[in-house]
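Since the structure comes first, as structure tokens, the remarks are kept for the end.
Predicted model, so just to flag it, every value in this text is computed and none were measured. Positions are given from 1, in the same order as the sequence printed here.
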Amino acid sequence: MQEDSIKAMSERAMFYGTILGVVAIFTNIFYLIGLKSSLFSTLFITLFMATPFIAGRLAIIYRKRERENVMTLTEAWLFLMIMFVCTATLSAVAQLIYFLFIDGGYFMSVIQEQFAAIAGIEGIDAAMKEQFATTAEILKSLSPRNLVLQIFGTNLLFSPIITFLIAVFVKNKRK
């Protein structure tokens, strides 16, 4: 690909990544509200599962509108990777703002309550209860920045795999 073509593709990938980032922010909001509400929990699961399909659809729209419906697997993967990195970055900024200025301990207290409820269930052995307690302590020890960096790192770790799977369906060599 030519340098101008790469720059144009990167710009469009960042634009579509911003759209997907807004979807990710709403997914995060639904997750947080869904900790206490089953309706929002269902919305979270639906939006979370739909995200790869939305990303694929955005990439196909780009391919059809700006690439004359031709895109190799490598180009599709690169486009989607740029898109997902932009999405992860926008989502991380929103999460950091939430945890630093809005949360006020809500997330950790709800997670602690859920771990305590699970640990109180009969039939769970002592080793599993100890694992829940250890996990809860690790979560409590994380600062908002570290928590967001963990989430961001996980997003970047799984993005190449997810984007490759989506790119297989986005590529098109025929005119």
Side-chain angles (χ1 to χ4, degrees), residues 1-35 40-103 106-108 111 138-139 141-175:
M1 285 193 328
Q2 296 173 329
E3 190 173 320
D4 291 340
S5 176
I6 292 173
K7 185 177 181 211
M9 183 178 73
S10 299
E11 289 173 357
R12 295 312 289 174
M14 286 187 276
F15 173 75
Y16 288 126
T18 303
I19 293 170
L20 197 60
V22 171
V23 170
I25 290 169
F26 278 104
T27 304
N28 292 333
I29 291 168
F30 291 156
Y31 172 74
L32 292 166
I33 298 171
L35 291 171
F40 284 100
S41 180
T42 303
L43 287 172
F44 159 72
I45 291 168
T46 303
L47 207 50
F48 180 76
M49 298 302 280
T51 300
F53 296 102
I54 295 168
R57 185 68 187 136
L58 291 171
I60 289 170
I61 289 170
Y62 167 75
R63 183 192 73 206
K64 287 181 178 179
R65 287 185 183 167
E66 300 184 34
R67 301 284 304 205
E68 298 174 0
N69 206 24
V70 176
M71 196 175 220
T72 66
L73 179 64
T74 305
E75 292 168 339
W77 183 76
L78 181 62
F79 178 82
L80 286 159
M81 273 303 298
I82 294 168
M83 202 166 97
F84 267 65
V85 168
C86 185
T87 299
T89 304
L90 185 61
S91 181
V93 169
Q95 290 167 353
L96 187 61
I97 290 169
Y98 170 77
F99 284 120
L100 286 177
F101 302 112
I102 300 170
D103 182 59
Y106 167 77
F107 176 73
M108 286 301 172
I111 295 297
I138 290 171
L139 280 174
S141 71
L142 291 175
S143 70
R145 288 178 188 91
N146 288 342
L147 183 60
V148 169
L149 282 173
Q150 288 289 333
I151 296 167
F152 182 69
T154 303
N155 285 341
L156 292 182
L157 180 68
F158 288 110
S159 289
I161 299 164
I162 294 168
T163 55
F164 179 78
L165 295 173
I166 298 168
V168 168
F169 295 101
V170 170
K171 71 176 177 65
N172 189 8
K173 292 186 178 184
R174 291 175 265 120
K175 274 195 175 186

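Using a 4.5 Å cut-off on side-chain heavy atoms (C-beta onward), Asn28 and Tyr98 make no contact. Between Tyr62 and Met9 the shortest side-chain heavy-atom distance falls below 4.5 Å. The closest side-chain heavy-atom distance from Phe84 to Ile166 is below 4.5 Å. Contact of the Phe79 side chain with the Val170 side chain is not registered, since no non-hydrogen atoms from C-beta on lie closer than 4.5 Å. Using a 4.5 Å heavy-atom threshold, the side chains of Leu147 and Leu139 count as touching.
In this view, Glu66 and Arg12 satisfy the side-chain hydrogen bond (donor to acceptor under 3.5 Å, both in side chains) rule, not counting sequence neighbours. Listed by chain and number, the residues in a side-chain hydrogen bond (donor to acceptor under 3.5 Å, both in side chains) with Thr163 are Trp77 (sequence neighbours excluded). Remark: Tyr31 pairs with no residue by the side-chain hydrogen bond (donor to acceptor under 3.5 Å, both in side chains) rule, at least two apart or across chains.
In terms of heavy atoms, Ala76 sits closest to Lys171 at CB-N, 4.3 Å. Across Cys86 and Met14, no two heavy atoms sit closer than the pair SG-O, 3.5 Å. Closest heavy-atom contact between Leu90 and Val22: CD2-N, 4.1 Å. Residue Thr27 comes nearest to Phe44 through the heavy atom pair O-CD1, 3.4 Å, listed as atom of the first residue, atom of the second, then distance. Residue Ala88 comes nearest to Asn155 through the heavy atom pair CB-CB, 4.0 Å, listed as atom of the first residue, atom of the second, then distance.
The backbone N or O of Leu32 sits less than 3.5 Å from a side-chain atom of Tyr106, completing a donor-acceptor pair.
How far CG of Asp103 is from CD of Gln95: 11.5 Å, rounded to the nearest 0.5 Å.
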| task | Check step by step if side-chain contact (heavy atoms from CB on, under 4.5 Å) holds for Arg63 and Asn69. | result | CA-CA 5 Å; Arg63 183 192 73 206; Asn69 206 24; 2.8 Å; yes
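With a 6.0 Å radius and a threshold of 12 heavy atoms from other residues, nucleotides or ligands, Phe48 has its CZ atom at or below the threshold.
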